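The structure appears right after this line, and notes come after that.
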Amino acid sequence: MKLAWLDKVPEIPTGITFGLPWGKGEITEDQLLKGFKLNHHPIQSWPTAYWPDGTVKWTAHSGIVSVDDQDLELSLSKDQYQTQSDLYFEEDEEHLKIDNGLMSVTFNKTGTILIKEITNQQSEIVAKHGRLISTIQRIEKIEQATIRKDSQQETTITSVLLERIGSFQATVKISGYMGENRLLPFNFRVKIYKESPVLSIVSTQFYNGDPEKDFVSSLGFELETSFKGEAYNRQARLASGQKIYNEAAQNLATRRYRSSSLYKKQLNGQIIQKNAETEAIISESAGNAIWNDYTFYQNTASSGVYRKRTHRDSAWLTVPTIEQSDGLLYAGGVTGGVAIGLRNLAEKFPSQLSISNLNEDVSKATIWFWSAEHEPMDLRHYDHQTHVDAAYEGFPEMRATPVGISNTDEAMIMLFDHIPEDKELIEYAAQLNQPPLLVASSDYYFGTKATGEWSPVSKASKEDQFIEEQLQFLLDYYIQEIEQRSWKGYWNFGDIMHSYDKDRHQWFYDTGGYAWQNTELVPNLWLWYSFFRTGSADTFRMVEAMSRHNSEVDRYHFGEYAGLGSRHNVSHWGCGCKEARISMACLYKYFYYLTGDERMKDLLEETNHADKTLETLDPMREFYEKPEKEDITHARLGPDWAAFTSNWMSKWERDKDVTALKSIQTGLEGIKASPHRLLSGPTFEYDTTSKELIYIGTPKEGAYHMEIAFGAPQVWIELAGLLEDDQFQDMLAEFGKVYAMEDQQMIEQMDSEIRPQKFAWPMFSAGLVAYAANRLKDSELMKIAEHYLFDEEISGIQLPIQIEMVDTWKALKEIPWMTTNVAAQWSLNVLMYLKYRR
């Protein structure tokens, strides 16, 4: 199978991890045991999902790719079995040590220091004492005064796990917490590749404080190291604008030797030898200031400041004109040094990279996920009351809490035993921000039938070409809106806005249920399917960031709402509606399958029992009293049960989990036994223990568009195919057929309790109507699906889509009628329509 790079071709040997789907029956576990080869080089491989027949559905792979490997091809090994591990590890009660052939990394299992030391192959310590650091600002009100106290939070390690060890890659997961009362729990992962100088870090920080009192004022990771050489041979080099800005700790430029070839060599990062030829310049330069600390602080999405100082008790000096960084800062001496990198440095401001004590025996390199120079995190809600009627905030209950949410940062530490050239640092900065990823062709993804409900790009007719242009237009629009509207910041990056305010020429960033999208109407699926069909790197990077954000910030990982997420609101965690749909596995599983990311696997595992939360938080509590029987609550077929089936389907395919499969089958039995199957709801009683759906009649509350607007068609069609369940497929076709009926026809053919007015937003049903047309061989139904999608009064999409230029408080590009709900649902339904029409 031929593979390609998602972005640019790496220019240095690179450790990579990537994932691929396989058609049913194509790869068995026995074949997988023999392993794969990439361009005839063995790579490390493992299964990440299975088909119902036990064959492998998705695989993940790790290896080292040479710069010579341009045309990449993956093939099964025929007779060479993988060695268990080419990476050496040893473990005792106190430590875990990984040796990758270039360096050894020793992790502590207890205490406050995560990384005890890193040694080179000569057993010399090149770095040590890697630890998480954080400061909490606690606010106390005493009489009329507000007291603010800053305190360093001590780290406690609770567990260290060797998650993966193989021929080319090892992953270590460290869990613990910082602060009293486990204020800031964390997961800290380090990925190490064979003979690579890079430690890849995925650091997840949870919040378990009181948002009214506990303000995180700094959060980062620091590592001690040491450099060799005189001050004029110690350097700080910042990646900025795909270039390197270099300064030595002590300049070889004086009033007599203002410019010299020696000074130019120094600025080029070259080591200066002291000899008869250079002695005069070096001696006079000894009187120059020695700069000891360097730091780049990203204070907004568009600007930062690069500064240096001579001593801790001296003023900072700003380096002029350096206002951006690619997220990488190097410091070193005559034998090499260390580079630290933070992905999305600007997008996830306020962030910072610092080198301190550059000219002392022990130096520190610090990656600040939240800069100590910025104002503390304020995780309070934006108001003291809800705004349900005016602002569509869902429930009147005030459940705006950040307790249980998290944020994940990706970082790199690079250790050099030589003086890196600029181009080497530039390449590492590029790989930091766009981690190299191997991908397959769109035709291959489609052919495996493992990537959901979409159709390949086709421009066979003028009509097809027009549709493809409109789909691409919407994608491009949202990608540029991220930049134009600066949807960025530590707690915001990755999300997009819900509805546009054409009068203010703003999105409704300050209006209740219309601000952040928080996965509403599943734009994630729209983007995943768009990536599979186009291979667009821009689309992948957008949905990658969205997956990181939605899965961490918009949902709860522990506490009262564990497994649920927060509906769209001004605050990401602000809405009183806590829903299973925000965390449903289908929104995130492709991120895991394509990248092998272990953190995302954790997040998928978290959803396995999300339905249990309904025992204390009935999603229909506004309309129904709690049933008398214990463990009985209510669930809507969509979005609640659809989310549960997505979670269980993912668990079933990842682990062959028969309990998850049984949960799906039990619910299906209840639906099939009800009078009108999927049309018998939208609400059922639900037993959180047995997983039974219990028919309670066709209620007055709820509408059928809610059943299908949150990814249910995409989940259920995929699930019905996996189960090979003809009745389930008939039920889906029936739903689409009924949605397309005229009011009188519906009244005549269906139960009188099913009212036509409950079938709102017909555009949301267009994909299922097309599915029904395909399954029932009904051309009239296909015409109705087409009508729903391309009549702008029904679809809400004005075709052709056009951007307007406005010169208001700023020159802006806008689509004044835009809502993300409509954009996402129209695009998803068009993709289904194209699939079933062809």
Side-chain angles (χ1 to χ4, degrees), residues 388-389 392 394-395 513 520-522 567 577 579-581 618-625 633-643 645 667 670-686 693-716 730-773 781 784-785 787-789 791 793-796 819 821-822 824-826 828-829 832:
V388 177
D389 294 331
Y392 188 45
F395 281 111
E520 182 78 351
L521 302 203
V522 293
R567 180 179 169 272
C577 296
E579 301 268 353
R581 58 184 167 87
D618 188 331
M620 297 301 285
R621 58 193 178 276
E622 185 177 359
F623 308 107
Y624 299 99
E625 293 183 1
T633 181
H634 295 91
R636 298 157 293 182
L637 293 186
D640 304 316
W641 190 74
T645 55
I671 297 171
K672 291 175 180 178
S674 59
H676 294 294
R677 304 190 291 189
L678 287 173
L679 292 157
S680 298
T683 302
F684 282 64
E685 285 187 351
Y686 178 69
L693 285 167
I694 305 162
Y695 177 64
I696 55 174
T698 305
K700 295 180 180 179
E701 304 300 338
Y704 287 98
H705 74 279
M706 290 289 289
E707 193 167 329
I708 57 173
F710 300 91
Q714 289 76 21
V715 172
W716 289 341
D730 289 343
M731 289 156 53
L732 290 164
E734 178 183 45
F735 196 102
K737 179 180 179 179
V738 171
Y739 223 110
M741 288 180 178
E742 297 288 344
D743 290 358
Q744 188 58 41
Q745 183 185 14
M746 190 182 297
I747 290 170
E748 291 174 357
Q749 294 192 25
M750 305 300 292
D751 192 299
S752 60
E753 291 183 345
I754 298 180
R755 293 174 297 282
Q757 62 268 30
K758 295 295 182 181
F759 291 79
W761 279 101
M763 183 268 281
F764 294 174
S765 74
L768 269 183
V769 173
Y771 176 86
L781 276 178
I784 293 173
H787 179 61
Y788 285 172
L789 289 170
D791 184 322
E793 292 185 4
I794 296 175
S795 70
T819 73
N821 279 0
V822 169
Q825 277 298 302
W826 184 79
L828 280 169
N829 279 280
M832 291 178 67

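Here the structure is a predicted model, which means the values were calculated and not measured.
- Under the 4.5 Å side-chain criterion, counting only non-hydrogen atoms from C-beta, Trp641 is in contact with Trp716.
- In this structure the side chain of Phe759 never reaches within 4.5 angstrom of the side chain of Met741, judged on heavy atoms.
- The ring-ring contact (aromatic ring centres under 6.0 Å, His included) check on Tyr788 picks up nothing, with sequence neighbours excluded.
- With sequence neighbours left out, Arg636 forms a side-chain hydrogen bond (donor to acceptor under 3.5 Å, both in side chains) with Glu579, Asp640.
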Could you check Phe395 against Arg621 for side-chain contact (heavy atoms from CB on, under 4.5 Å), going step by step and ending with a plain yes or no? CA-CA 10 Å; Phe395 281 111; Arg621 58 193 178 276; 3.3 Å; yes
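- Figure legend: Arg567 and Tyr392 shown as a cation-pi pair, the cationic atom lying under 6.0 angstrom from the six-membered ring centre and within 45 degrees of its axis.
- Residues Ser795 and Leu789 approach most closely at CB-O, 3.3 Å, considering heavy atoms.
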Would Glu707 and Phe735 count as a side-chain contact (heavy atoms from CB on, under 4.5 Å) here? Give the steps. CA-CA 10 Å; Glu707 193 167 329; Phe735 196 102; 3.5 Å; yes
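- The side-chain hydrogen bond (donor to acceptor under 3.5 Å, both in side chains) pairs that include a residue from residues 735-748 are Gln744-Glu748, where partners are two or more places apart or lie in different chains.
- Under the salt bridge (Lys or Arg N to Asp or Glu O under 4.0 Å) criterion, Glu734 pairs with Arg677, sequence neighbours left out.
- Looking at residues two or more places apart in sequence or on another chain, you find a salt bridge (Lys or Arg N to Asp or Glu O under 4.0 Å) between Asp730 and Arg775.
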side-chain contact (heavy atoms from CB on, under 4.5 Å) between Glu685 and Tyr695, worked out: CA-CA 7 Å; Glu685 285 187 351; Tyr695 177 64; over 6 Å; no
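- With Ser765 contributing its side chain and Leu768 its backbone, the two residues share no donor-acceptor pair below 3.5 Å.
- Here the closest non-hydrogen pair linking Gly394 and Cys577 is CA-SG, 3.7 Å.
- With a 4.5 Å cut-off on side-chain heavy atoms, Tyr624 and Thr683 count as touching.
- Gly767 and Asn829 get closest at one heavy-atom pair: N-OD1, 2.7 Å.
- Partners of His705 according to the side-chain hydrogen bond (donor to acceptor under 3.5 Å, both in side chains) rule, which considers only residues two or more places apart in sequence or in another chain, do not exist here.
- In this structure, the side chains of Ile696 and Phe684 stay at 4.5 Å or more apart for every pair of heavy atoms.
- Residues His787 and Ile794 come closest through the heavy atom pair NE2-CD1, 3.2 Å.
- The main-chain N or O of Ala709 is found under 3.5 Å from a side-chain atom of Gln825 such that the two form a donor-acceptor pair.
- Contact detail for Leu828 and Leu521: the closest heavy-atom pair is CD1-O, 4.5 Å.
- Contact of the Tyr686 side chain with the Leu693 side chain is registered, since non-hydrogen atoms from C-beta on lie closer than 4.5 Å.
- Counting heavy atoms from C-beta outward, Ile708 and Trp761 have side chains that stay 4.5 Å or more apart.
- A heavy-atom distance below 4.5 Å is not found between the side chains of Pro682 and Met706.
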